[in-house]
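Structure first, commentary second.
Convention: sequence-line order gives letters A, B, ...; per-chain numbering from 1. All figures in this text were calculated on a predicted structure; none of them were measured in a lab.
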There are 2 protein chains.
Amino acid sequence: MPRPRQALLNRERIVETALALIDADGLGAFSTRRLAAALNVQGPSLYNHFATKDEILDAVADSVTASVDVGVFDRYDWAEALRRWARSYRAALAVHPNIVPYLAQGPGRRPAALAMADAVYGALVRAGWPPARATHIGAALRYFVAGSALGSFARGFVEDPELYAAHPHLTQAHRLRGHQRSVDEGAFTLGLDALLHGLAAEYARTVTPLERGTGPG
Amino acid sequence: MPRPRQALLNRERIVETALALIDADGLGAFSTRRLAAALNVQGPSLYNHFATKDEILDAVADSVTASVDVGVFDRYDWAEALRRWARSYRAALAVHPNIVPYLAQGPGRRPAALAMADAVYGALVRAGWPPARATHIGAALRYFVAGSALGSFARGFVEDPELYAAHPHLTQAHRLRGHQRSVDEGAFTLGLDALLHGLAAEYARTVTPLERGTGPG
DNA sequence: GCTCTTAAACTAGCGGTGTAAGTTTTAATC
DNA sequence: GATTAAAACTTACACCGCTAGTTTAAGAGC
């Protein structure tokens, strides 16, 4: 087939289909040839729109990041904004867990990821946190969110009671998978509350009223 | 070459060499043929000792997990033990960051990972935490440690000042890579302190003195 | 309207991947 | 000493990311 009258591909369609494939079959099973087949096209045609496979994955990762609500930093004080951002971030990743290992490598050159980093860091500095501390806080929360989305804790345990026979405290571990949602959600809420509790204590201790900003916006 | 008088391979040598290769060149560049070449052997010979590539990676991941100190749960109260375990865990992963994405998928059937889960959970229950809560705490800390080791936060930012020109708060982001160690360490310490601070508060609030265990051991 | 350039599909092919199958020879066991 | 199992091998398959070169349609400039 030569160049068709109507272009068969565009970046948006490629990214959408790639995300659907990754969601369905995982990063390991994702290949340019399978992606092309899903788009009714031959493999190399994708390279008219993206230079490399990684560039496709970058676009997929950024489309996921773009669904995180960073507007919270304009509407809430730093602590409440952090809480809502973390929940929104995790929710976005939880819908597409298979792309998380790729996405968690860092913002790189992905625009939505950079915009998010800018919003988080800006809000913390505006609230009076010292710049180095703001960096640490953003990083610590990203660690926690990425870790929580990376692998479901509960799903990491095989559903095979015999496996745990040798471990006196894991006799019920095989049932974790069945309660995956509540285990993961409970652990995330616990950790987020604890983190924010600790941060609030440090804020009260180290950021003087004069340094505290003028609120959101 | 037929069967040699002295076996060229054994599981230990394979795992050691695989870890060295992964450390040096990353998971993406790791292949059975490259591993075999490093062992002066043809690719398929590995399959006399491991059934699949994943089985090799499992063994590599478990050898890293095995270097985490879980003895702390016998020597310290739950909070101090958690702190030391988290530091030991992160230190073990930080030496071999390239295997972390694989390892972070969960314990699966890897013995050292299961032993670690058993030790953490057992110590928390012994200290009086309700079983469900103990699961959440273990999971939350694993989220944090795995996230912190998965990708260096600082390394995720490209060293290209122009990239950040459009983001008002990221004008110094290109310098993060240069302070990678202190940024990552600072963020980890901040997060760990905050998490443990929050957990101690909940312990004081919800675990009655009667429920509290008899200490370590 | 003709020409030129670019775009978007194609086919063919390179060097690499995991791993299955079958072969050969040695070591270990009865 | 015969049998069996182990541990290397070679060959081969189907797939991978990607490059190169080809074909034709679409769009721009005169």
Side-chain angles (χ1 to χ4, degrees), chain A residues 1-61 98-99 101-103 105 108-110, chain B residues 1-61 98-99 101-103 105 108-110:
Chain A
M1 187 199 298
R3 177 174 185 182
R5 288 148 198 288
Q6 173 67 35
L8 305 179
L9 299 179
N10 58 59
R11 289 176 66 102
E12 196 187 334
R13 240 166 67 68
I14 293 174
V15 169
E16 273 173 22
T17 308
L19 181 54
L21 276 183
I22 292 169
D23 284 347
D25 306 321
L27 254 189
F30 176 72
S31 77
T32 56
R33 282 168 158 96
R34 295 220 314 139
L35 171 57
L39 289 159
N40 289 120
V41 126
Q42 298 300 316
S45 298
L46 298 169
Y47 290 85
N48 289 313
H49 303 267
F50 290 93
T52 64
K53 183 191 186 185
D54 268 9
E55 216 176 76
I56 298 176
L57 288 173
D58 272 338
V60 169
N98 293 339
I99 191 68
Y102 188 86
L103 179 147
Q105 306 279 118
R109 302 179 165 276
R110 294 183 278 111
Chain B
M1 186 198 299
R3 176 175 186 182
R5 288 151 196 284
Q6 173 67 35
L8 305 180
L9 298 178
N10 58 60
R11 290 177 66 103
E12 197 187 334
R13 241 166 67 68
I14 293 174
V15 169
E16 272 173 24
T17 308
L19 181 55
L21 276 183
I22 291 169
D23 284 346
D25 306 320
L27 253 189
F30 176 72
S31 77
T32 55
R33 280 172 163 93
R34 294 220 318 137
L35 171 57
L39 290 159
N40 290 119
V41 127
Q42 299 299 316
S45 298
L46 298 170
Y47 290 85
N48 289 312
H49 303 267
F50 290 94
T52 65
K53 184 189 186 185
D54 268 10
E55 214 175 77
I56 298 176
L57 288 174
D58 272 339
V60 170
N98 293 339
I99 191 69
Y102 188 87
L103 180 148
Q105 304 280 117
R109 301 177 166 276
R110 294 183 278 109

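- Here the C1' atom of nucleotide C/dT19 and the CD atom of B/Glu55 are 13 Å apart, to the nearest Å.
- Comparing B/Thr52 and A/Pro44 by the nucleotide of DNA chain C that holds the closest heavy atom to each, the one mapping nearer the 5' end is A/Pro44.
- Look at CD1 on A/Ile14: it is 8 Å from P on C/dA9, rounded to the nearest Å.
- Counting only distance, with no hydrogens or angles, the side chain of B/Thr17 and the backbone of B/Arg13 share a donor-acceptor pair below 3.5 Å.
- The CD-C1' distance, from B/Gln42 to D/dA12, rounds to 14 Å in whole Å.
- Residue B/Thr32 is in base contact, counting any heavy-atom pair closer than 4.0 Å across all strands shown.
- An OP1 or OP2 oxygen of C/dA7 is reached within less than 4.0 angstrom by no side-chain nitrogen or oxygen of A/His49.
- Picking from C/dA9, D/dT10, C/dG13 the nucleotide with the shortest atom distance to the side chain of A/Arg33 gives C/dG13.
- Checked by atom type and distance alone, the side chain of A/Arg110 never pairs as donor or acceptor with a backbone atom of A/Val60 at under 3.5 Å.
- Summarising the geometry of B/Arg11 relative to B/Glu55, their closest heavy-atom pair is NH1-OE1, 4.2 Å, with the distance given to 0.1 Å.
- Heavy atoms only, all atoms of each residue included: B/Tyr102 and B/Asp54 are closest at OH-O, 3.2 Å.
- Counting any heavy atom pair closer than 4.0 Å across all strands shown, A/Phe30 reaches sugar-phosphate atoms only and no base atom.
- To the nearest angstrom, C1' of D/dC16 lies 13 Å from CD1 of A/Ile56.
- A straight line from CG of A/Leu46 to P of C/dA9 spans 9 Å, rounded to a whole angstrom.
- When the P atom of C/dA8 is taken as reference, atom CZ of A/Arg13 falls 13 Å away, rounded to whole Å.
- Closest approach to the A/Ser45 side chain among C/dA20, D/dT19, C/dC10 is made by C/dC10 (side chain taken as heavy atoms from C-beta onward).
- Computed from coordinates, the B/Leu27 CG to C/dT17 C1' distance equals 15 Å when rounded to whole Å.
- Protein atom CG of A/Leu35 is 11 Å distant from nucleotide atom P of D/dC16, rounded to whole Å.
- Under the 3.5 Å distance criterion, the side-chain polar atoms of A/Asn98 are matched with a main-chain donor or acceptor of A/Ile22.
- The side chain of A/Tyr47 lies closest to D/dG17, out of D/dG17, C/dC10, C/dA20.
- Between the side chain of A/Asn48 and the base of C/dA7, no donor-acceptor pair of N or O atoms lies under 3.5 Å.
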